[in-house]
Structure formats: C-alpha cells, structure tokens
Amino acid sequence: MNFADLGLSDELLKSVEASGYTEPTPIQAQAIPSVLMMRDLIGIAQTGTGKTASFVLPMIDILAHGRRRALMPRSLILEPTRELAAQVAENFEKYGKNHDLKMALLIGGVQMGDQVKALQDGVDVLIATPGRLMDLFERGKILLTGCNLLVIDEADRMLDMGFIPDIETICSKLPGNRQTLLFSATMPPPIKKLADKFLSNPKYIEVARPASNNTNIVQHKVRVSARGKREALRHLLKTDNVSTAIIFANRKTTVRELAKSLQQSGFSAGEIHGDMDQSARNAELQKFKDGVISILVASDVAARGLDVKGVSHVFNYDTPWHPDDYVHRIGRTGRAGATGRAFTFVADEDAEAIANVEKLIGGKIPLFEADGDAGRSDDAGPPAERPTGRGRSGAKRAAEPVAADPVAAESDAAAPSSKQPHQRRAPSRGGRTVQPVAAEPLADISSGDPVDAPEQVSAPVTAKPKQAAKPRRAAEPEAISDEWNGPVPGFLNVSAL
Ligand code: ADP
Ligand code: MG
C-alpha cells in the first residue's frame, strides 16, 4: 500500500513525500479513504501509530475547497493538551505547505491576542484544547456554526482529564450535519457513549496491536525500597549505557524533586510537568531535542502523545497507576532496529500498580537483579542483554553487608538473610515472560533512521524542518565519576553475560 492509493491530491502527495513518509501506517491506510468520502469515523489505535496524519492529510484536501469566513472556523480539532495541539499544528504546516490554509491554535498558556485576530480574519482549521475554546466561545469571540468537520483526538486522554462534559457542550454548538472523527488509543465506555451520541453511522476502524515479538524494547522491573529509588536510578544511569533517557514519575512533586536531585548529582537533566507554563515546557523540550540535556524527567500528562521517541532508556521511577501509561511510557524507546531498555522501579507501594500492568500486558516483566550465577531470575525470560561495565557480582556482593540497604534484601542474593518477611519471593518458575507489548509499532517504518540517531523531539509550534540528529551527550557527565561511592545494592550487581 502506498499513499498514492488513498485518493489524496497530487499536491498533498508531494508534501507527504517531502516529509519522508514512504508508506501509510495501517490506521492511515484505512482511515484516509473514508475521511475523504466524508464519513464519520472512529479510529482506535495505540499511541505512536500515526493517527495524526490519518486526519490531517484528508482534511487538507477537504478544506482545499471552500472559503474562509470571519469568526467562523471551518473545522475544529480538539486536543487534550497544548503540546498535542501544537504538534497537530506542526503537521498542518508541514503537509499543508502547498495549500492556502489558515490555521489558529487556541491553547492555554499562550497569549490570546494573535489567535483572536486570526479568528477574526477567518481560519480553515482551528486546533484547540477544550478549556480555552469554551472560554473564547463564552466571550463571543468565536462562532462554531460554520464548522463542518470536527476531530476529537486522543479521546481517552480527554476522558482522563475530565474534558468529556466540555466536549459534549462543544459538540452541541456545531452544525448537526457535520463530519465527526474520533481517535483514541482505547475505547472505554464513556468514549463509546460519546461516540454514540455525537457521531452518525461512523466507520469503525481498530488497528490491532501488532504481533508481540517484534518489539525492540527490553523490559525489566527493578525491586527497590521507596527510599532506595534515587540511588538505584543514579546507578543505572551510570552503568547501563544510557545515552538519552526519559524518567517518568507519577507525581509532579516527584518530577521536580528528582530533576533537581539529578542535576545536583551532575547529570544533565531537565523536567516537564503539568505545572509548567507553555514556554517553560517548550524550552525544556527544545533542550532535550538539542542534546543540551540528555535526561528528561516527566509526568504522564505532560509527556503523553509528545513526539519524543528513540531514547535509549525509559525509567519508570514509579510504576504507573494506569497500566496503559506503562505502554505509552516505554514506547518512547526502541526503534528502527535499536534496542531500547525500559526499567520499572517497583517498591512495596507499587505492588498493585505492577500487578495491573502485568495483567494488561499479559505476562510477567523479567526482574532485573543481581543473581550472579543464573544472571536472571526465575521469571526472567530469554537472557536479557546485560549492561556492560559491571563485572561479576560475586565479590562485591560478598563484601557487602547483607541487607544493609533495604533494597538489597529484595534481591535473590540477599534473600537468605532477608529481614523483611513480607517481601515477595521470586515469582514461581514457569510464570510467563512478558509478551513484549509492541509499544512502538512504527519502529520499522522509519528504518531510514540511522540506528543510533534517536528521533528528535519535535518542537511544538516552531515547525523547523528536522535536521540530522546531533549526537547527544552521554547521560553521565565525565566530571562526576566519583559522585556515588556507596555500597552497590545487591540487586544492581549485574553479571556481564
Ligand atoms: P498517534 O497520534 O497515533 O500517537 P502520531 O500521529 O503522533 O501517532 O505519529 C507518531 C509518529 O509516527 C510521529 O513521529 C510521526 O511523524 C510518525 N509517522 C506517522 N505516520 C508515519 C508514516 N506513514 N511513516 C513514517 N512515520 C510516520
Ligand atoms: Mg495522536
């Protein structure tokens, strides 16, 4: 299948080609012809499967006919976060460069003046977050009666963020005979209800998760104590050949504190979370993109859907509360033949969350630990590649006071003298190894990427053409080799296989 078979115009095909896409993704192949035929559509596919272009491309051709009118946008795209809205805007700029289309972005955290001016002049595409749109609508700055095409993107995220009532209100302001497209990674009941209410006879497209074993992500869970997380993280950052990493935490405060602590330890780390204003988030993303920082500490909301991929490592400093977030988080690593590594820290308080994650992905995530003999735990699957740089663990472990660090007691090695009887035993033999979750189905598509050149973060708003990836600085700054001299917790003693 190629783009030329989908019914798109020649001008559009040119800009698609210029952007470097050679083949439509499955959701694009299925959605684009239906959208061009003006059908309502529900598109369900995981994050990273190319849903954006599946509506942006046909919309550009649809909007090529017709005229702009003041205050009355011709189409509306709703996005849950400002970053996602900005990314969609970038897509319009990139693919719409051969078309005369005007677009306005209505998102929180940026000055409204220019956007209101743009609206007054008339726009073809309005991209908005629900809150800001409602705000403007209520102040009479915008009329939605000329809006014949509505896209509700990332609907499951909208639900998580409490936007469904706003979306219902917005839907009711649009003409009844409009075309409506809804995209989501999952279809929980409230989204189904929304679709039933506001879409008419939609075409339903669901792209199954691709076969499980073509993923390039090596996953591990790491047993830690709540207090041992920072130390465990610093150690892995230094020893696991980390070149670029995203570290996810569940709470904004953790994101802030962790970024600060990593900086104090000499790592080039930045942060992104929901309390930062737009310009601060953009600045931080840009630094990550430029390789000024090599570690980004992030919250789920701030990072969700952002086009930040191809990092060497993802760390789940906390096990995510929503199992879906696990899939989204680890999908930031492993692409184009490069193996990514994902570590999930599991403290006692994460027990329920990890159980939910393993239920969702349908298997146990192999434990990353210190067992010098076997090199892996009972529930580990095929021998994971081990990080280089650490010798065999026996000597070190012997020298170490058993369970001096609460973390050490978690490992098999320290288990015989464990003073923490409540701790889990190693899961029983025969437990299934995690079926890799194919979190990055596009890994193969852009195989033109050099294996070691991670895709750069796309910078919201400024639609700079992508440049060849600059090599990023290694996560571990040269100057701090003596930064951490404490005993190596048993579970981190890794045998080099
Ligand atoms: P989703 O909305 O499904 O999470 P996006 O639309 O953000 O996914 O796309 C994810 C990534 O895949 C982006 O980096 C995008 O540029 C890339 N991409 C999309 N379509 C294609 C394609 N046909 N070929 C190669 N890369 C693509
Ligand atoms: Mg998307």
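Both ligands and their constituent atoms are indexed starting at 1 by order of listing.
- Residues passing the ring pair (Phe, Tyr, Trp, His ring centres under 6.0 Å) test with His273, sequence neighbours excluded: none.
- Within the 4.0 Å heavy-atom cutoff, Gln46 counts among the residues contacting ligand 1.
- Taking each of Gly331, Gly50, Ala53 in turn, the one with a heavy atom nearest to atom 9 (O) of ligand 1 proves to be Gly50.
- Of the possible donor and acceptor atoms, one in the side chain of Glu284 sits under 3.5 Å from a partner among the backbone N and O of Glu271.
- Among the atoms of Thr52, some N or O lies under 3.5 angstrom from an N or O of ligand 1.
- Residue-to-ligand polar distances keep Thr22 apart from ligand 1: every N/O pair is separated by 3.5 Å or more.
- Within the 4.5 Å cutoff, the side chain of Ser268 has no heavy atoms near those of the Val292 side chain.
- Within ligand 1, counting atoms from 1 as listed, the ones closer than 4.0 Å to a heavy atom of Thr25 are 20 (N), 21 (C), 22 (C), 23 (N).
- With a 4.0 Å cut-off on non-hydrogen atoms, Glu23 touches ligand 1 through its backbone and not its side chain.
- Residues forming a ring pair (Phe, Tyr, Trp, His ring centres under 6.0 Å) with Phe55 (at least two apart in sequence, or on another chain): Phe183.
- The Mg ion (ligand 2) has an N, O or S atom of Glu154 inside 2.8 Å of it.
- Ring planes of Tyr95 and Tyr21: tilted class, angle from 30 to 60°.
- Using a 4.5 Å heavy-atom cutoff, the side chains of Leu106 and Ile142 are in contact.
- Relative orientation of the Tyr317 and Phe345 rings is tilted, given thresholds of 30° and 60° on the angle between their planes.
- Atoms of ligand 1 found under 4.0 Å from any heavy atom of Thr49, numbered from 1 in the order shown, are 1 (P), 3 (O), 8 (O).
- Ligand 1 lies within reach of Phe3, whose nearest heavy atom is under 4.0 Å from it.
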